[in-house]
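The basis for the numbers below is simple: all heavy atoms, side chains too, and nothing from hydrogens, waters or symmetry mates.
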Amino acid sequence: MSVRRAFWEHRTYPGDLAQLRQVRRDLAADLAGFSDEAVETLTLCASELFANACKYTASGQEDGQVLRTLCLRRGRLLRLGFTDDGGSGRIPAIPAERSDDEWDWAEGQRGLLMVQELSTAWGYSRTCPWADLGTHTWALISLPEGTAPPPGLKPYIFTR
């Protein structure tokens, strides 16, 4: 019988863009046995979400950290999330008031647009609604039609 829910132990990374290689490597290891398409899609989303946490929040400052979460729901939905240290004063959002020409010339702020296009859904929640102490940003990816989680997947996966 296939596992319908699985939770990976959370991983914590220093809030440094140089950690992206390790984030990607860990994600590939944690998702061994899943379809290449799902792993590649999650890796792209992970790169953007982790980079945003490092670039736009206190996670990117000295001693900052980013927490990664990963779970499988209903046997076909992978949910990847990153929690930052807060301090940005903003919430994650795709710029809405740009003309086509402005989008063509914009060099940044396209990451969440990519996450939106690649994922089934994405969103965020404040870790502490009354203060800017962190935001958990997540993306939900559906496994490709006709694929299942790898056999032998456990309900709780230790990552270390």
> Is it true that R90 and D132 have a side-chain N and a carboxylate O under 4.0 angstrom from each other?
Replying inline: no
>> Test your reading of the model: is there a side-chain donor-acceptor pair from T120 to the backbone of S142, 3.5 Å cut-off?
In response: yes
>> Tell me whether S59 contacts the main-chain N or O of D84 through its side chain, where contact means a donor paired with an acceptor under 3.5 Å.
In response: no
>> Main chain of P144, side chain of T147: is a donor-acceptor contact present, judged purely on distance under 3.5 Å?
In response: yes
> Tell me, do L17 and K55 make a side-chain contact under 4.5 Å, heavy atoms counted?
Replying inline: yes
> From R76 CZ over to L78 CG, what is the distance, rounded to the nearest 0.5 angstrom?
Replying inline: 11.0 Å
> Below 4.5 Å, heavy atoms only, C-beta onward: do Y124 and W138 meet side chain to side chain?
Replying inline: no
> Can you check whether Q65's main-chain N or O pairs, donor with acceptor, with D85's side chain at less than 3.5 Å?
Replying inline: yes
>> Side-chain heavy atoms nearer than 4.5 Å, only ILVMFWY residues, links allowed to pass through others: does that put L20 and L31 together?
In response: yes
>> Tell me whether F50 shares a hydrophobic cluster with L113, the cluster being built from Ile, Leu, Val, Met, Phe, Trp, Tyr side chains joined at under 4.5 Å.
In response: yes
> Checking side-chain hydrogen bond (donor to acceptor under 3.5 Å, both in side chains) against R68, which of T12, T83, D30 comes through?
Replying inline: D30
> Run the side chain to side chain contact (heavy atoms under 4.5 Å, CB included) check on S119 and L140 step by step: do they pass?
Replying inline: CA-CA 6 Å; S119 65; L140 191 64; 5.6 Å; no
> According to a 4.5 Å side-chain heavy-atom criterion applied to Ile, Leu, Val, Met, Phe, Trp and Tyr, with indirect links allowed, do L27 and L44 form part of one hydrophobic cluster?
Replying inline: no
>> Would a single hydrophobic cluster contain both L153 and L80, if residues Ile, Leu, Val, Met, Phe, Trp and Tyr are joined by side-chain heavy-atom contacts under 4.5 Å?
In response: yes
> Does L67 share a hydrophobic cluster with F7, counting links as ILVMFWY side-chain heavy atoms below 4.5 Å and allowing steps through other members?
Replying inline: no
